[in-house]
Amino acid sequence: IRLPVVINGKQETFAFDTGFGSPLVLLRPTAERMGLKITPPPANAQAGPGKVLLDETEACTVTLLGRTETVPLNVLDPPFGVALEEAGIVGWPVLSREIVRFKATGNHEQLSIETVVPAEATGWLKARIVQGHTLMLEIPSRDDEPISLNVDTGAPDGVVLQADRFREWRKKNPRAGATLTARIQPAPGLMVSEEVWADEIALGQITLRNVPLVEGTPGDFRGVAPNTIAIVGMAALRRLDLVVDGRSGVAFVRPSQNLAGTYNHNRLGAVFVPRDAQSADLAAIVAPRSPAERAGVQDGDVLLKIDSMDVTEWRTKPGISPLSRFWTRPSGTRLTFTLKRGDKTM
């Protein structure tokens, strides 16, 4: 979800991220392009659990949603080697006291600021907003024990489910279509998870249908409420109607009646990721019975080329990353890999 932000008289496009706890941050390339003075945090500063220390710009005149103030902005480094379209991120604290309506039609997301809660929404399921820096909803459950959901518009995923619950669901649905997904977060870093297609999943008294489901990691749930069972990303939010009344501390939610649009998943069934933060090699992790496995790709194979494109310079050459754009191409797409296995190239 994109929002216009005017900084020192120039309009930029920011991403609105309800899973981000800082009000407003600039991505470093934007701050450098604007010629802003950037100051690092104090040498003795320490980051809290699941957090990272951010640099800060000089004071800037910022206009967002009709309000203007002069403040310094935090500076965030984008994932290494990945070029992002947005200039920065608007976090949940900016809109947490407003009445915000989320609505999606197909792959188009809309966000509107309302003066009152729409009359139709008052008949939807009512959820309490858990006070905090991110958008957290406490949902009534069928066994009278409420559960919490973290709504994260900064995540493309569907439902990121707490690991034990994911495994329980997986045992009951062993034939669900599965692939792998790789995700980057500022503090935990790179995470590789199994992703499955859920025909139906109940999150408390909300039932979602035809939604991607990802196994969560400890890093996903660090710093959230103890009874949080899932993170709801954009692919799941497109299957919901949601009105958040930050003034009253309640939200209204129901499964959407609109078509959710397409979900560009990883049809390859493998990811190529660095073995650690310093590694330049992109090594394969392969899902069982996937197209990649059937083609002969094995765990640990190092990716050298996709068709004629040399991917070994992904850290330094713009335009190579993200490689996920290759795995989400239409069904039937053919790719030629050049791989290295030990001292053998194939």
Min side-chain heavy-atom separation [X]-[Y] under 4.5 Å:
{"X": "H265", "Y": "P212", "answer": "no"}
{"X": "L36", "Y": "V75", "answer": "no"}
{"X": "W124", "Y": "V253", "answer": "no"}

Main chain of [Y], side chain of [X]: is a donor-acceptor contact present, judged purely on distance under 3.5 Å?
{"X": "E313", "Y": "T316", "value": "no"}
{"X": "D299", "Y": "V286", "value": "yes"}
{"X": "T57", "Y": "L73", "value": "yes"}
{"X": "R254", "Y": "A121", "value": "no"}
{"X": "W314", "Y": "P322", "value": "no"}
{"X": "T153", "Y": "F16", "value": "yes"}
{"X": "S279", "Y": "D281", "value": "yes"}
{"X": "D199", "Y": "N210", "value": "no"}
{"X": "T30", "Y": "A87", "value": "yes"}
{"X": "N173", "Y": "A176", "value": "no"}

Check [X] against [Y] and note the closest heavy-atom contact, atom names and distance.
{"X": "T345", "Y": "T338", "value": "CG2-CG2, 3.8 Å"}
{"X": "V25", "Y": "F20", "value": "CG1-CE2, 3.6 Å"}
{"X": "P78", "Y": "P29", "value": "CD-CD, 3.8 Å"}
{"X": "P41", "Y": "L53", "value": "CG-CB, 3.9 Å"}

Point-to-point distance, once rounded to the nearest 0.5 Å, from [atom1] of [X] to [atom2] of [Y]:
{"X": "I231", "Y": "L149", "atom1": "CD1", "atom2": "CG", "answer": "10.0 Å"}
{"X": "D17", "Y": "L3", "atom1": "CG", "atom2": "CG", "answer": "11.0 Å"}
{"X": "M346", "Y": "L339", "atom1": "CE", "atom2": "CG", "answer": "6.5 Å"}
{"X": "L203", "Y": "I139", "atom1": "CG", "atom2": "CD1", "answer": "8.5 Å"}
{"X": "Y263", "Y": "R239", "atom1": "OH", "atom2": "CZ", "answer": "9.0 Å"}
{"X": "E86", "Y": "L27", "atom1": "CD", "atom2": "CG", "answer": "8.0 Å"}

[X] and [Y] ion-paired at < 4.0 Å:
{"X": "K103", "Y": "E114", "answer": "no"}
{"X": "E194", "Y": "R170", "answer": "yes"}
{"X": "E138", "Y": "R128", "answer": "yes"}
{"X": "E293", "Y": "R289", "answer": "no"}

Take a 6.0 Å sphere around CZ of R267 and say whether it holds more than 12 heavy atoms from other residues, nucleotides or ligands. yes
Applying side chain to side chain contact (heavy atoms under 4.5 Å, CB included) between L282 and each of L323, V273, V302, report the one that passes.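 Of the listed residues L323, V273, V302, the side chain to side chain contact (heavy atoms under 4.5 Å, CB included) partner of L282 is L323.
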Run V214 and D220 through side chain to side chain contact (heavy atoms under 4.5 Å, CB included) and show every step you take. CA-CA 11 Å; V214 179; D220 288 314; over 6 Å; no
Would the F272 and F337 ring centres measure less than 6.0 Å apart? yes
Between [X] and [Y]: side-chain donor-acceptor atoms closer than 3.5 Å:
{"X": "T68", "Y": "T63", "result": "yes"}
{"X": "D310", "Y": "T312", "result": "yes"}
{"X": "S148", "Y": "N227", "result": "yes"}

